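When a ligand or atom number is given, it counts from 1 through the structure's own listing order. On a predicted model such as this, the values are computed, not experimentally measured, just so you know.
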Amino acid sequence: MVSLTFLDFSLAALGVFILHRFFSSKRRQSLPPGPKGLPLIGNVLDMPSSYEWLTFAKWGEQWGDIISVNLPGQHLIILNSAHDAVEMLEKKSNIYSDRPTLLMGGEIVGWNSTLALTRYGERFREYRRYLTRIMGTKSALQSYHNLIEEETSKFLRRLLQTPEHVHKHIRKTAGAIILMMAYGYAVEEDEDPYVNQVDKAVTEFTIVTTPGAFLVDVLPVLRYLPSWFPGAGFQRIASEWREDLRQMADIPYELVKQKMREGAALPSFTSRLLESEKLTREKEFNIKWSAASMYSGGADTTVSAIYSFFLAMTLNPEAQIKAQKEIDVVVGNDRLPTIADRDSLPYVDALLKEVLRYNPIGPLGLPHRVSDDDIYAGYLIPKGSLVFANIWAIAHNPKVYSNPSAFNPDRYLGSNPEPDPREFVFGFGRRICPGHELSSDCFFQSTHSEFQA
Ligand code: HEM
């Protein structure tokens with residue numbers, strides 16, 4: 001009789017494993033369709049260098065709502081419909097909530113300490129818990145309504161004095177609200193050194209996370225070159241920008257601690273957490289960086305949304321006149337509107353929705369990295385793929401929004417309103433924008449008050 005050895009068992013098991021991998025249902029599934037690409041380099045030559053969301057929407061007309069794009073070592077999955085984004089990013093959020101690792105921006109400069117680039121895990125959950133406590137619900141935000149209304153009045157005064165500096169005034173207002181909430185920090189009326197510091201770091205973030213901006217992202221081994229080595233100029237940029245980022249997070253955080261010691265701290269996100277949490281090094285890190293995530297995530301986005309409003313009003317005077325009339329009737333001329341007036345101003349509210357839909361300010365959101373193989377709609381979504389919800393395509397889907405390229409607030413009114421874009425412009429699932437309720441309040445206040453100025 002033949003005796004079976006451990007080696008025989010091992011070889012048999014290996015054979016079964018290989019056959020299983022080869023024939024398993026997952027491996028037989030194919031990736032979602034998409035442009036064909038070339039051997040080795042995949043779709044590198046098909047990739048647009050700007051306005052990617054428009055190209056992805058066009059590809060959607062040819063290939064369907066779920067597209068795959070293959071780059072060397074990286075699958076991209078593009079979702080052109082809200083239905084698929086909800087089914088995958090929300091309903092299967094346990095495997096669709098990670099973020100990619102960015103070498104230059106994330107690891108070398110250090111932006112992976114902020115929430116937007118934090119990998120899915122315990123630290124992510126703690127940041128989100130902290131942020132939900134301060135701005136995750138309408139009732140939590142109620143205590144900030146006075147702050148938002150006061151800063152809006154200051155904004156209108158600045159705008160009346162120097163309307164040509166509208167962009168600067170919007171920046172200052174968004175910064176003032178977020179810095180007061182995060183640190184109890186009151187910005188200076190003229191140039192504020194801290195606002196300038198954060199703006200500098202956030203601009204550097206935009207550059208450092210632009211795909212293809214730094215060769216080290218493509219050839220990771222370059223990170224070990226010393227800064228004096230020819231071609232290693234990125235190392236000098238990295239150390240300067242790392243310092244800017246460190247100051248952005250450290251300076252206001254240390255200021256709050258100093259004011260707390262003096263008994264002079266205004267209540268803020270940071271001071272409340274420092275008081276209520278049992279502090280360890282890890283907790284302090286998480287408090288400091290979740291506070292820094294508020295400004296770095298909220299400043300540019302809110303500014304773009306309010307700036308878009310001004311553009312929309314310039315291009316669509318008929319909508320502006322209608323909104324003005326509604327405010328004149330409901331609020332009158334002797335006071336500014338407040339957030340409490342919102343429910344009585346349906347046309348203004350619809351106008352706000354239309355600004356967010358017409359020009360979504362994050363047209364591709366942020367990438368969700370898949371942490372396990374998945375089968376969706378019969379397609380294989382391999383572990384490690386980056387999934388992008390094409391928010392622009394969702395907002396301009398002609399099956400959902402009639403004549404989507406027209407600016408038309410009336411589409412949200414009447415007996416058969418079209419869907420509220422706030423359901424998708426803030427992203428999806430566990431990664432949904434933690435500032436969505438806050439931005440809705442800030443945006444509403446600064447835009448409807450503008451009609452009174
Ligand atoms: C109109 C204003 C805003 C829009 C349209 C917007 C949109 C978005 C979108 C699309 C995402 C990606 C979500 C995803 O991955 O699915 C995001 C993430 C984020 N937003 Fe916003 N946002 C706005 C304002 C704000 C504000 C005011 C704050 C903070 C005070 C903020 C903080 C963040 C942070 C920290 C993240 C990363 C979340 C994570 O990775 O878990 N945003 N936002």
Margin query: Please check whether Arg430 reaches ligand 1 - meaning an N/O of the residue sits under 3.5 Å from an N/O of the ligand, judged on distance alone.
Written below: no
Next item on the list: Tell me yes or no: between the side chains of Gln258 and Glu262, is some donor less than 3.5 Å from an acceptor?
Entry: yes
Next item on the list: Any atoms of ligand 1 less than 4.0 Å from a non-hydrogen atom of Arg99? List them with their elements.
Entry: 14 (C), 15 (O), 39 (C), 40 (O)
Note to self: Does Tyr51 have more than 12 heavy atoms from other residues, nucleotides or ligands lying within 6.0 Å of its OH?
What the structure shows: no
Notebook entry, point to check: Looking at Ser293, which atoms of ligand 1 are within less than 4.0 Å of one of its heavy atoms?
Noted result: 35 (C)
Next item on the list: Check each heavy atom of His436 against ligand 1 and say whether those closer than 4.0 Å belong to the side chain, the backbone, both or neither.
Entry: neither
Checklist line | Enclosure of Lys259 NZ (heavy-atom neighbours >12, cutoff 6.0 Å) | finding: no
Next item on the list: Below 4.0 angstrom from a heavy atom of Gly298, which ligand 1 atoms are there? Numbered from 1 as shown, please.
Entry: 25 (C), 26 (C), 27 (C), 28 (C), 29 (C), 31 (C)
Checklist line | Donor-acceptor side-chain pairing of Glu354 and Asn408 below 3.5 angstrom | finding: no
Item checked: Distance-only N or O hit between ligand 1 and Phe428, under 3.5 Å -> yes
Check: Are Arg335 and Asp341 ion-paired here, with the side-chain N under 4.0 Å from a carboxylate O?
Finding: yes
Next item on the list: Run the numbers for me: atoms of ligand 1, each under 4.0 Å from some heavy atom of Phe124, listed by number.
Entry: 41 (O)
Note to self: Between Arg430 and Ser93, is there a side-chain donor-acceptor contact under 3.5 Å, judged purely by atom types and distance?
What the structure shows: yes
Note to self: Nearest non-hydrogen contact with atom 3 (C) of ligand 1 belongs to which option: Phe426, Tyr127, Tyr295?
What the structure shows: Phe426
Margin query: As an exercise, identify every atom of ligand 1 less than 4.0 angstrom from a heavy atom of Pro434.
Written below: 19 (C), 20 (N), 33 (C), 34 (C), 35 (C), 36 (C), 38 (C)
Next item on the list: Any chance you could lay out the ring-ring contact (aromatic ring centres under 6.0 Å, His included) test for Trp59 and Phe56, step after step, and finish with the verdict?
Entry: CA-CA 5 Å; Trp59 287 349; Phe56 293 157; 5.6 Å; yes
Next item on the list: Output the list of atoms in ligand 1 that are nearer than 4.0 Å to some heavy atom of Thr302, sorted by atom number.
Entry: 27 (C)
Notebook entry, point to check: Judged by atom type as modelled, is there a donor-acceptor pair below 3.5 Å linking the side chain of Thr203 to the main-chain atoms of Asp199?
Noted result: yes
Margin query: Between Cys433 and atom 21 (Fe) of ligand 1, is there a contact where an N/O/S atom of the residue lies under 2.8 Å from the metal?
Written below: yes
Margin query: For Met181, state whether at least one heavy atom is located under 4.0 Å from any atom of ligand 1.
Written below: no
Next item on the list: Show which atoms of ligand 1 fall inside a sub-4.0 Å distance from at least one heavy-atom site of Val425.
Entry: 5 (C), 7 (C), 10 (C)
Note to self: Could you tell me, atom by atom, which parts of ligand 1 come under 4.0 Å of a heavy atom of Gly435?
What the structure shows: 26 (C), 28 (C)
Notebook entry, point to check: Between Asp98 and Arg119, is there a side-chain N and carboxylate O pair less than 4.0 Å apart?
Noted result: yes
Note to self: Quick check on the 6.0 Å ring-centre criterion: do Phe407 and Tyr358 meet it?
What the structure shows: yes
Next item on the list: Report the member of Thr114, Val355, Leu131, Ile361 with the shortest heavy-atom distance to atom 5 (C) of ligand 1.
Entry: Ile361
